[in-house]
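Notes follow once the structure below has been shown.
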Amino acid sequence: MNIARIDGEQIPEQANEVVYPGGEVSKNFGIARSSLTKYCIALRNKGYRFRGANNSKALTSKDTLPIQRMKDLIQDKSMIMETAGNVVLSMLPENERTGPILDENKKHLRE
């Protein structure tokens, strides 16, 4: 396992996965750093497990896709953050979702 350092913090890096600093991600997506942090918190609260750091200081290339989808839903479709988070997580493969979102999806499937 490779170790990347972002702002002095050690971040485990999966083989063949690039870790991007949060500032670079927010710049590339055209969003404020505070928005990136809010998106990450919203996804984490819904059960998404980030592969990089446990916050928006660094994200793997796989972590950037849900962030991009959230940005698109919020900015282009005028969704509120909570709804956008639910939509994004429902689009992910089951093995990338955890806890509350899986339970919620299984509950809705039974109804």
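Hydrogens, waters and symmetry mates are skipped; everything else that's a heavy atom, side chains included, is used.
A donor atom on one side chain and an acceptor atom on the other are found under 3.5 Å apart for D63 and Y48.
The salt bridge (charged side-chain N to carboxylate O under 4.0 Å, His left out) pairs that include a residue from residues 70-79 number zero, where partners must be two or more places apart or lie in different chains.
In plain terms, the two heavy atoms of V87 and S90 that are nearest each other are O-OG, 2.7 Å.
Remark: E82 engages K46 in a salt bridge (charged side-chain N to carboxylate O under 4.0 Å, His left out) (not counting sequence neighbours). Contacts of N28 classified as side chain to side chain donor-acceptor pair (under 3.5 Å), with partners at least two apart in sequence or in another chain: none. Every side chain to side chain contact (heavy atoms under 4.5 Å, CB included) that I41 has, sequence neighbours left out, goes to T37, R44, N45.
The distance from atom CD of E24 to atom CZ of R33, rounded to the nearest 0.5 Å, is 11.0 Å. Here N86 contributes atom CG and M81 contributes atom CE; the two are 12.5 Å apart, rounded to the nearest 0.5 Å. Atom CG of L92 and atom NZ of K62 lie 11.5 Å apart (nearest 0.5 Å). Of the inter-residue distances, the one linking R49 atom CZ with L43 atom CG reads 14.0 Å to the nearest 0.5 angstrom.
Annotation: side chain of L59 is not in contact with side chain of V19 (no heavy-atom distance under 4.5 Å). Within the 4.5 Å cutoff, the side chain of R69 has heavy atoms near those of the L65 side chain. In this structure the side chain of I67 reaches within 4.5 angstrom of the side chain of C40, judged on heavy atoms.
Linking ILVMFWY side-chain heavy atoms closer than 4.5 Å, directly or via other members, places M79 and M70 in a single hydrophobic cluster.
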